[in-house]
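Naming convention: chains lettered A, B, ... in sequence-line order (proteins, then strands); numbering from 1 in each chain. Every value quoted in this text rests on a predicted model; they were computed, and no experiment measured them.
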Amino acid sequence: MSFELDNTDRNEMFSNFLHKIIDKDMEEGVYDGRVQTRFPPEPNGYLHIGSAYAINISYSIAQKYGGKFNLRFDDTNPAKEDMEYVESITRDMKWMGFDWEDRLFYGSDYFDRIYEYAVSLIKKEKAYVCELTLDEIREYRGTLTSPGKDSPYRNRSIEKNLELFEKMRSGEFEAGTKVLRAKIDMSSPNMNMRDPVMYRIQFVSHYRTGDKWCIYPMYDFAHPLQDYIEGITHSLCSNEFKNHRPLYEWFLNELEIKSPPKQREFGRMNITGAVTSKRYLRQLVKGEFVDGWDDPRLPTLSGLRRRGFTPESILNFLNEIGVSKDSSTVDIAMLEHSLREDLKGKVPCLMAVLRPIKLVLTNYPKGQVEMMEIQNNPESPELGSRKVPFTGELYIEEEDFMEIPAKGYHRLSPGNEVRLKGAYIIKCEEVVKNEKTGEILEIRCTYDPETRSGLIGSARKVKGTIHWVSSMHALNAEVHLYERLLPKDAEGEVEDWSEYINPNSLVVLKNCFIEPELKASKPGERFQFIRLGHFCVDEKYTTDKKLVFNRIVPLKDTWKKNNK
RNA sequence: UGGCCUGUCGCCAAGUGGUAAGGCACGGGACUUUGACUCCCGCAUUCGUAGGUUCAAAUCCUGCCAGGCCAGCCA
């Protein structure tokens, strides 16, 4: 009988400052008890673990309060957006289980309405067409410590503004010559309130609306309206938008929206050793420093998926790290912990030899093959067992033999005994080496027939147990091991990413041997290789003729840790 | 040097005036045909800092220090 909490319970118990805000709204009946959140990605890149963190905040809150969750593509800048990204984003969200039901929206669907709202602000004398150049606007804006000054176009008549704005829309002006601005306060200590631009002219074809528009609303103007149009109650975003909140509220207030949505901010999440900036990710992909957006070294959701992470492990990770107002840098060890936790007791544990050395049993009958029955996962008997062929010629892991054993080493060494997992106790009698190079060619051992697993003699204890594979039965496989992609953090503008890439971030081992049992394994299948880690069959490079495994995470290795 | 925000163990993070939860990491031990897993045990007399209010402060007040964000016709 287990009383452990499942995720639902954990979510129920988990509380943060956002829950308190919503609890209060519920209590006061601000939105008639309604909760609706949204995730508004711009389709200009792939989702990564930081995006999943943001999605999870909005998604789990909608779930907790029996509310709704929308997916909305915030596509108000045609120069940067593309359909490829909306497809990848929806695919990754579905994989994670973030369900927007029938509420998939596009900010571009609201262009007509947003235009009308702009017109009504002009009519209220709260917006004007400005003809200052880009540089002039910057100059007039002032600095962080000094106020700006009013644009000479600030006090045009409503009629003139209406006329000019209409002409902007119909394409009579060149890009950059005119913008629509909100009339707020050029001396506000908040730069966002110094007559922010609401609309700019862009003769760029939009991936959805084509050439219908040549003016596009800015984020600050479009976002509160998108939220309002969709009935969003709580518009949750990360801290860098904190300074935009007064503007968000200003637009909704001037437009006299009742029960306006609330923008609330949370701290961003970073992970040690992972690149979670969209900008850097794009540079790495476009510059072909990595194998696409789904490179297993990247913290993109597609990269994590290809690497072998489960959506459950990512979700548990996100729920365990929590949310606060402060930004965080979470240790990647927590993510790895979540994966091990999820897979343990769930996937078969098999044997693989990554760096093989030949081992010969000199007293084992020539040509004999025994089928050793081994449990697939001792913690989960329901996963059954398999028969593994055992012969007198095996491969073992290079690091499981030491000619001169270090103190505390209890695997194979000359004269020493060790158990072959699921088979016999063996003793190392001789080491055959290449006379010139000193390279170990094979290890010769004798086995004790009385100690076969299951026999009475198997009760004898030896200090070490190692994994093995029969050389004539083993399958050849390629294994990819990963380390940090960037050993040092990049700063500012990076000219050449190759200077930052860790050459060991991807280690390809082409000559690995695995149990014949794995012959039928399919891309995406996961296994634990005993003592080596959790692995996933790569979905991109595995073919009928070639098996490629990605190591998701290594297993803990206290011996290696203590001897490093 | 303007405004806003944030500072609780190495890393996340509860706590919201009544005497510091939990997880990861780490250290020690038991168990083990995975040096894994599991199981025990340990791990903040102290909450950025200095004062103040109070019978009582991580929680309230004041000053200081540190970090973050903002001067795109990006989102």
Side-chain N or O of [X] less than 4.0 angstrom from OP1 or OP2 on [N]?
X        : N      : result
A:Lys242 : B:rC4  : no
A:Arg72  : B:rA75 : no
A:Lys561 : B:rA25 : no
A:Lys556 : B:rU34 : no
A:Arg141 : B:rG72 : yes
A:Ser324 : B:rA13 : yes

Counting only Watson-Crick pairs (N1-N3 plus N6-O4 or O6-N4) and G-U wobbles (N1-O2, O6-N3), all under 3.5 Å, who is the partner of [N]?
N      : answer
B:rC74 : none
B:rU59 : none
B:rA14 : none
B:rA21 : none
B:rC64 : B:rG48
B:rC31 : none
B:rG42 : B:rC26

Is B:rG72 in the syn or the anti form, by the rule that syn lies within 90° of 0?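 B:rG72: syn glycosidic orientation.
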Intermediate values then yes/no, side-chain contact (heavy atoms from CB on, under 4.5 Å), A:Leu532 and A:Val479: CA-CA 11 Å; A:Leu532 298 174; A:Val479 169; over 6 Å; no
Between the base of [N] and the side chain of [X], is there a donor-acceptor distance below 3.5 Å?
X        : N      : value
A:Arg411 : B:rG35 : yes
A:Thr465 : B:rU34 : no
A:His244 : B:rA75 : yes
A:Arg419 : B:rU33 : yes
A:Glu379 : B:rU38 : no

With sugar-phosphate meaning primed atoms plus P, OP1 and OP2, does [X] contact a base, only sugar-phosphate, or nothing at under 4.0 Å between heavy atoms?
X        : result
A:Phe317 : nothing
A:Leu132 : base
A:Gly408 : base
A:Val197 : sugar-phosphate
A:Tyr216 : nothing
A:Lys463 : nothing
A:Met218 : sugar-phosphate
A:Thr143 : base

Tell me: [atom1] of [X] to [atom2] of [N], nearest whole Å?
X        : N      : atom1 : atom2 : result
A:Asn243 : B:rG3  : CG    : P     : 13 Å
A:Phe221 : B:rC73 : CZ    : P     : 16 Å
A:Asp342 : B:rC37 : CG    : P     : 16 Å
A:Met186 : B:rG3  : CE    : P     : 18 Å
A:Leu134 : B:rA71 : CG    : P     : 13 Å
A:Tyr199 : B:rG72 : OH    : P     : 22 Å

Between [N] and [M], how many Å separate the two [atom1] atoms, rounded to a whole number?
N      : M      : atom1 : result
B:rU46 : B:rG10 : P     : 13 Å
B:rG7  : B:rA58 : P     : 16 Å
B:rC37 : B:rA14 : C1'   : 28 Å
B:rA75 : B:rA13 : P     : 29 Å
B:rU32 : B:rG23 : P     : 26 Å
B:rC26 : B:rA66 : P     : 34 Å
B:rU34 : B:rG22 : P     : 31 Å
B:rG17 : B:rC11 : P     : 28 Å

Do you know which two heavy atoms are closest between [X] and [Y], and how far apart they sit?
X        : Y        : result
A:Ser413 : A:Phe401 : CA-CE1, 3.9 Å
A:Leu180 : A:Ala118 : CD2-CB, 3.8 Å
A:Lys149 : A:Met186 : O-CE, 3.5 Å

Closest listed nucleotide, where the reference is the side chain of [X] and the choices are [options]:
X        : options                : result
A:Met334 : B:rA75, B:rG2, B:rC24  : B:rC24
A:Lys461 : B:rG35, B:rC5, B:rU33  : B:rU33
A:Ser15  : B:rG15, B:rG2, B:rA75  : B:rG15
A:Asn77  : B:rC74, B:rG23, B:rC70 : B:rC74
A:Arg200 : B:rU33, B:rC37, B:rC74 : B:rC74
A:Ser328 : B:rC69, B:rG15, B:rC12 : B:rC12
A:Thr145 : B:rC74, B:rG15, B:rU1  : B:rU1
A:Leu144 : B:rA71, B:rA75, B:rU33 : B:rA71

Would the [X] and [Y] ring centres measure less than 6.0 Å apart?
X        : Y        : answer
A:Tyr248 : A:Phe241 : no
A:Tyr216 : A:Phe111 : yes
A:Phe251 : A:Tyr117 : no

Does [atom1] belonging to [X] count more than 12 external heavy atoms closer than 6.0 Å?
X        : atom1 : answer
A:Arg268 : CZ    : no
A:Lys346 : NZ    : yes
A:Arg355 : CZ    : no

Report yes if the ring of A:His410 lies under 5.5 Å from the six-membered base ring of B:rG35 with planes under 30°, and no otherwise.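 Yes, A:His410 stacks on the base of B:rG35.
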I want to confirm an ordering. Mapping A:Pro378 and A:Thr329 to their closest nucleotides on RNA chain B, which one lands closer to the 5' end? A:Thr329
If you assign A:Arg340 and A:Trp559 each to the RNA chain B nucleotide with the nearest heavy atom, which residue ends up on the more 5' nucleotide? A:Arg340
